[in-house]
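All heavy atoms count here, side chains included; hydrogens, waters and symmetry mates do not.
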Amino acid sequence: MLQPKGAAMTVQDLSRLAGLVFVSVTLIVIGDTCGKLLGQRGVDPGLIAFSRFLIGAFVILPISGLRLAELRSLLQWRIILRGALIAGGIFSILTALKTEPIADVFGAFFIGPVVAYVLAIILLGERPTLGRSLFLAVGFAGVMLVVKPGFGMRPGIGFALLAGTFYGCFLVATRLVANTVRPRLLLLSQLVVGSALLAPFGLSVPLPDPSTATLLLILGSALGSASGNYLLVLANRRAEASLIAPLIYTQLVSATLASLIVFRDTPDLFALVGLALILLSGAGSLWLKWRAS
């Protein structure tokens, strides 16, 4: 069991937390890899996003332990806002993945931890040190090298930035409600809200050819995302949002491997340097947090 917020964190505690977050973000990458493969088959991003949320909701509902007394909690504005943020993020990143290499998309997507870091200060009252702020600046510089604003920036990368912004807000929204709602109920809430909001996009496009490969990819997209986000809910119950943020940078490892192995996409030199800076930012922030514990 990890130490509660405010308690000293040992190397073992930090290792467990890092392992939990890495597994969660890798599952999310697997889901998005399936989503990109679906996009290459001509499936509309709106339909992919809608099916991801809808299937996830049906899978989680029987094991959610939902009680009638809890239905009212699903109507809290914070719960609905959180669901809307993740729905916007998923739709945006699937749109980006349709045209852009997965490693570049996740590099731009990592504007999210920057957004989460800043909002954690403003909304949650967390007070990062100067060292952690400097590492954050290094990560932001890395994102800019991947994005290349003003020269060579493509529309798909713009959607990846939008997805990261949504996701950064979602991480902080998760922290705001993580200790008031059960993890399985919290996951169910975002899946139900996302399904409702994305239904107009998913139901207004032609259905894909129902081949076995397509159906398996749809299931992989939904289950990878749902299970990864569930583990992130657990992580957010055990640590500050400003600590979770740098750990999520490990997603770049999974995204780069997926880009190389599945799609044979190699980032250009600027993107590689940017990805390295983003990883350095996450590792440095984590080291500072552990040293201060």
Side-chain angles (χ1 to χ4, degrees), residues 23-67 70-71 73-75 79-98 102 105-106 109 159 163 166-167 170 173-174 181-234 251 254-255 258 262:
V23 171
S24 71
V25 297
T26 299
L27 288 169
I28 291 171
V29 168
I30 290 172
D32 287 332
T33 300
C34 292
K36 182 173 177 63
L37 289 169
L38 285 168
Q40 291 180 342
R41 289 171 169 263
V43 183
D44 187 85
L47 178 57
I48 301 171
F50 171 66
S51 64
R52 175 180 292 189
F53 280 88
L54 186 64
I55 292 171
F58 276 112
V59 170
I60 294 297
L61 181 59
I63 62 173
S64 66
L66 180 64
R67 299 182 294 268
E70 293 177 315
L71 288 176
S73 66
L74 298 180
L75 299 177
I79 297 295
I80 295 174
L81 174 61
R82 179 177 174 276
L85 289 170
I86 191 61
I90 293 296
F91 181 81
S92 298
I93 201 168
L94 288 171
T95 302
L97 285 169
K98 189 173 183 179
I102 193 169
V105 168
F106 276 95
F109 177 77
F159 275 104
F166 275 127
Y167 196 66
F170 168 77
T174 298
V181 181
R182 293 186 295 108
R184 282 179 291 175
L185 183 60
L186 195 58
L187 177 58
L188 178 65
S189 71
Q190 74 189 53
L191 293 170
V192 171
V193 171
S195 298
L197 293 177
L198 292 170
F201 300 95
L203 298 177
S204 62
V205 297
L207 294 176
D209 179 30
S211 65
T212 301
T214 298
L215 293 176
L216 288 175
L217 288 173
I218 289 174
L219 284 174
S221 173
L223 298 179
S225 178
S227 56
N229 279 291
Y230 175 67
L231 292 181
L232 273 183
V233 170
L234 295 180
Q251 193 171 44
S254 303
V262 180

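Side-chain contact between Leu217 and Arg41 is present, with at least one heavy-atom pair separated by less than 4.5 Å. Side-chain contact between Ile90 and Phe53: present, with at least one pair of heavy atoms (C-beta onward) separated by less than 4.5 Å. Looking only at side-chain heavy atoms (C-beta outward), Ile86 and Leu191 stay at 4.5 Å or farther from each other. At a threshold of 4.5 Å between non-hydrogen side-chain atoms, the residues Arg52 and Leu94 count as touching. The side-chain heavy atoms of Ile48 and Ile218, taken from C-beta on, include no pair separated by under 4.5 Å.
Applying the ring pair (Phe, Tyr, Trp, His ring centres under 6.0 Å) definition to pairs two or more places apart or across chains, those involving residues 182-203 are Phe91-Phe201. Annotation: ring pair (Phe, Tyr, Trp, His ring centres under 6.0 Å) contacts involving residues 25-50, sequence neighbours excluded, are absent.
In this structure, CG in Leu38 is found 11.0 Å from OG1 in Thr33, a value given to the nearest 0.5 Å. A distance of 12.5 Å separates CZ in Phe166 from CD1 in Ile93, rounded to the nearest 0.5 Å. Once rounded to the nearest 0.5 Å, the distance linking CG of Leu186 with CD1 of Ile60 reads 11.5 Å. The line from CG of Leu27 to CD of Gln251 is 10.5 Å long, rounded to the nearest 0.5 Å.
Distance alone, capped at 3.5 Å, places no donor-acceptor pair between the Thr214 side chain and the Pro210 backbone. Looking only at distances, no side-chain donor or acceptor of Ser24 sits under 3.5 Å from a matching main-chain atom of Leu231. Counting only distance, with no hydrogens or angles, the side chain of Lys98 and the backbone of Gly39 share no donor-acceptor pair below 3.5 Å. Judged by distance alone, with hydrogens and angles left aside, the side-chain atoms of Ser225 form no donor-acceptor pair with the main-chain N or O of Ser221 at under 3.5 Å.
The number of heavy-atom neighbours closer than 6.0 Å to CZ of Phe159, taken from other residues, nucleotides and ligands shown, is 12 or below.
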### Task
Applying side-chain contact (heavy atoms from CB on, under 4.5 Å), run through Asp32 and Phe106 and close with a yes or a no.
CA-CA 10 Å; Asp32 287 332; Phe106 276 95; 3.4 Å; yes

